[in-house]
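Everything on this sheet refers to the single structure shown next.
Computed from heavy atoms alone, side chains included, the values below leave out hydrogens, waters and symmetry copies.
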Amino acid sequence: MRGASPRGDIDSERMVIRIDQGKGSKDRYVMLSPRLLTLLRDYCRARRRRKVYQPSPWLFPGNVPGRPLTAKPVYEACEAACLAAGLGKHVTVRTLRHSRG
């Protein structure tokens, strides 16, 4: 998966993902699990197969060309998943950060 982005932000040899300008405008590395690596590879293959595929420096491009996915669709997807799962508890994207599974 090395080279999946122009800068090689996903390093499957070291099993890390480089985050540019994260919280506090700092670059950092986060651990990459084997399961997430498989999911990311599948996602990238599916994007390449789509007829409307447009090259982007972003792993998750937004609707505006050249811009990343915004927070709103992520929160909407989380809300839809919670409703579909029948969760009675209030769950946010940040909740997922603290969950294990």
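- With respect to R18 and D27, a salt bridge is recorded, a charged nitrogen being found less than 4.0 Å from a carboxylate O.
- The two atoms that bring D11 and E13 nearest to each other are OD1-N, 3.1 Å, heavy atoms only.
- Closest heavy-atom contact between V91 and C78: O-SG, 4.1 Å.
- Taking CE from M31 and CZ from R14, the interatomic distance works out to 12.5 Å, rounded to the nearest 0.5 Å.
- Here the side chains of V30 and I19 are in contact, with some heavy-atom distance below 4.5 Å.
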message = Please determine whether side-chain contact (heavy atoms from CB on, under 4.5 Å) holds for the pair S12 and R41, giving the CA-CA distance in whole Å, both sets of side-chain angles, and the decisive distance to 0.1 Å.
response = CA-CA 11 Å; S12 59; R41 284 181 172 155; 3.7 Å; yes
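- Judged as a salt bridge (charged side-chain N to carboxylate O under 4.0 Å, His left out), and not counting sequence neighbours, the contacts of R45 are D42.
- Under the 6.0 Å distance and 45° angle rule, R94 does not count as a cation-pi partner of Y75.
- Side-chain contact between L40 and L32: present, with at least one pair of heavy atoms (C-beta onward) separated by less than 4.5 Å.
- Among V16, D9, I17, the one residue that satisfies the side chain to side chain contact (heavy atoms under 4.5 Å, CB included) test with Y29 is V16.
- The side-chain heavy atoms of M15 and S33, taken from C-beta on, include no pair separated by under 4.5 Å.
- Using a 4.5 Å cut-off on side-chain heavy atoms (C-beta onward), T70 and N63 make no contact.
- I10 and Y43 fall within a single hydrophobic cluster, where Ile, Leu, Val, Met, Phe, Trp and Tyr are joined by side-chain heavy atoms under 4.5 Å apart, directly or via other members.
- Between T92 atom OG1 and E79 atom CD the span is 11.0 Å, to the nearest 0.5 Å.
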